[in-house]
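Quick notes on the structure that follows.
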Amino acid sequence: MGRDLAFPQMGQTASNASCPANVEVLVENLLTDLPNYANRVISRSRSLELAQNARNYVLIAGRPEFDPLSLNPGLNVPIEPRVDDTVKQVFFTTLERGYLNNNATKLEHFHWLFLTQTDSGWRVVTMYSRLDSLEDGRLPTPPLESSKSAIAQGISLWLRDCRANTLR
């Protein structure tokens, strides 16, 4: 009794945290939440995956590396994606459990994410991924453009929530 509860005003959030400007802090926070965000994307697209009788779930995301690779070593020919000082490269991995025809397997995805900070906050520029099965001894796939993948969609949703200050 007599205790005042503070409720956020319309348009405000309960959190005072803002989206970090530092890419390392941003990515560390992102990777903590990424499995939940990616799994929600996967769950929403479940009807398509069930039609293929395949399902993947993201267990963990981590091991970020921030040292950029040269995209144009020794060449003066521009290539895509064009990277300048405003685009940050981040490498990280996800450990996933995949199911195909009721058989479980562990998968490791290697991701190369390109982020840029705009006036309205961080955005995904593009992403490339390669898949490695941890159990069957197959070679990893070559890097493929993956900007429409569940992981990339999860990242975009997390960045949207970060820009809106709705993360907890």
Side-chain angles (χ1 to χ4, degrees), residues 19-20 22-73 75 77-101 103-118 121-163 167:
C19 213
N22 179 291
V23 72
E24 285 104 6
V25 174
L26 177 90
V27 169
E28 289 290 341
N29 293 339
L30 164 67
L31 293 180
T32 299
D33 295 338
L34 184 57
N36 290 331
Y37 275 79
N39 288 332
R40 281 195 294 260
V41 170
I42 291 166
S43 183
R44 289 179 189 137
S45 65
R46 176 144 311 179
S47 61
L48 294 174
E49 291 187 39
L50 288 178
Q52 298 172 3
N53 199 21
R55 302 178 311 280
N56 282 3
Y57 299 96
V58 180
L59 302 174
I60 191 165
R63 300 193 318 203
E65 294 181 25
F66 300 95
D67 294 331
L69 290 180
S70 172
L71 295 178
N72 207 359
L75 301 175
V77 179
I79 61 172
E80 293 298 324
R82 187 171 179 92
V83 176
D84 57 29
D85 291 341
T86 64
V87 177
K88 303 299 182 193
Q89 298 178 45
V90 181
F91 300 90
F92 67 94
T93 59
T94 55
L95 180 62
E96 302 172 25
R97 179 170 292 132
Y99 296 92
L100 181 60
N101 299 324
N103 294 320
T105 185
K106 288 183 184 172
L107 306 166
E108 188 171 20
H109 258 118
F110 303 97
H111 305 281
W112 186 13
L113 175 64
F114 294 82
L115 295 169
T116 191
Q117 191 169 35
T118 67
W122 289 99
R123 307 274 179 177
V124 173
V125 174
T126 192
M127 190 169 89
Y128 294 88
S129 301
R130 66 186 284 178
L131 180 63
D132 188 11
S133 174
L134 296 176
E135 295 175 349
D136 62 10
R138 285 187 262 166
L139 293 175
T141 64
L144 299 172
E145 202 282 333
S146 58
S147 297
K148 304 280 188 220
S149 69
I151 298 293
Q153 289 178 42
I155 291 168
S156 293
L157 291 170
W158 187 91
L159 290 172
R160 177 204 64 193
D161 290 350
C162 189
R163 289 188 304 269
L167 298 174

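Just so it is clear, the values below take in all heavy atoms, side chains as well, and ignore hydrogens, waters and symmetry mates.
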With sequence neighbours excluded, what pairs up with His111 under the ring pair (Phe, Tyr, Trp, His ring centres under 6.0 Å) test?
Phe92, His109

Looking at residues at least two apart in the chain, or sitting in another chain, which of them share a salt bridge (Lys or Arg N to Asp or Glu O under 4.0 Å) with Arg123?
none

Could you give the distance from CG (Leu115) to CG (Leu26), rounded to the nearest 0.5 Å?
6.5 Å

Of all residues at least two apart in sequence or in a different chain, which pass the side chain to side chain contact (heavy atoms under 4.5 Å, CB included) check with Ala61?
Leu31, Leu34, Pro35, Thr94

Taking the side chain as every heavy atom from C-beta outward, state whether Thr118 and Thr116 have any pair of such atoms under 4.5 Å apart.
yes

Stepwise side chain to side chain contact (heavy atoms under 4.5 Å, CB included) test for Leu159 and Val124
CA-CA 8 Å; Leu159 290 172; Val124 173; 3.8 Å; yes

Quick check, are the ring centers of Trp112 and Phe110 under 6.0 angstrom apart?
no

Would a 4.5 Å heavy-atom cut-off, applied to side chains only, mark Pro142 and Arg130 as touching?
no

So, using side-chain hydrogen bond (donor to acceptor under 3.5 Å, both in side chains) as the criterion, who are the partners of Asp161 when residues are at least two apart?
Tyr37

Check: Leu113 and Thr126 side chains under 4.5 Å, non-hydrogen atoms
no

Grab the two heavy atoms, one from Gly98 and one from Asn56, that are nearest each other, plus how far apart they are.
CA-OD1, 3.1 Å

For Val23 versus Phe66, what's the shortest heavy-atom pair and its separation?
O-CE2, 4.0 Å

With a 4.5 Å limit on heavy-atom distance, are the side chains of Leu30 and Val90 in contact?
no

Run the side chain to side chain contact (heavy atoms under 4.5 Å, CB included) test against Glu65 and tell me which residues pass, sequence neighbours left out.
Phe91

Using the side chain to side chain contact (heavy atoms under 4.5 Å, CB included) criterion, which residues pair with Asn36? Sequence neighbours excluded.
Arg40

Might you work through the side chain to side chain contact (heavy atoms under 4.5 Å, CB included) test for Thr105 and Glu96, ending with a clear yes or no?
CA-CA 8 Å; Thr105 185; Glu96 302 172 25; over 6 Å; no

Nearest-0.5 Å distance, OH of residue Tyr57 to CG of residue Asn39:
8.0 Å

For the pair Lys88 and Glu24, evaluate salt bridge (charged side-chain N to carboxylate O under 4.0 Å, His left out) and give the outcome as yes or no after the intermediate values.
CA-CA 10 Å; Lys88 303 299 182 193; Glu24 285 104 6; over 6 Å; no

Identify the heavy atoms of Pro20 and Asn29 that sit nearest to each other, and give their distance.
CG-ND2, 3.7 Å

Side-chain donor-acceptor pair under 3.5 Å between Thr86 and Gln117, yes or no?
no

Could you work out, with side-chain hydrogen bond (donor to acceptor under 3.5 Å, both in side chains) as the rule, every residue matching Trp158, not counting sequence neighbours?
Asp33

Kindly check if the number of other-residue, nucleotide or ligand heavy atoms within 6.0 Å of CG (Asp67) is above 12?
no

Ser146: side chain to side chain contact (heavy atoms under 4.5 Å, CB included) partners, not counting sequence neighbours
Met127, Ser129, Ser149

Flag the pair Thr93 / Ile60 as yes when at least one side-chain heavy-atom distance between them is below 4.5 Å, and no otherwise.
no

Considering all heavy atoms, the nearest Pro64-Val27 contact:
CB-CG1, 4.0 Å

Look up atom OG1 in Thr141 and atom CG in Leu131, then write down how far apart they are to the nearest 0.5 Å.
5.0 Å

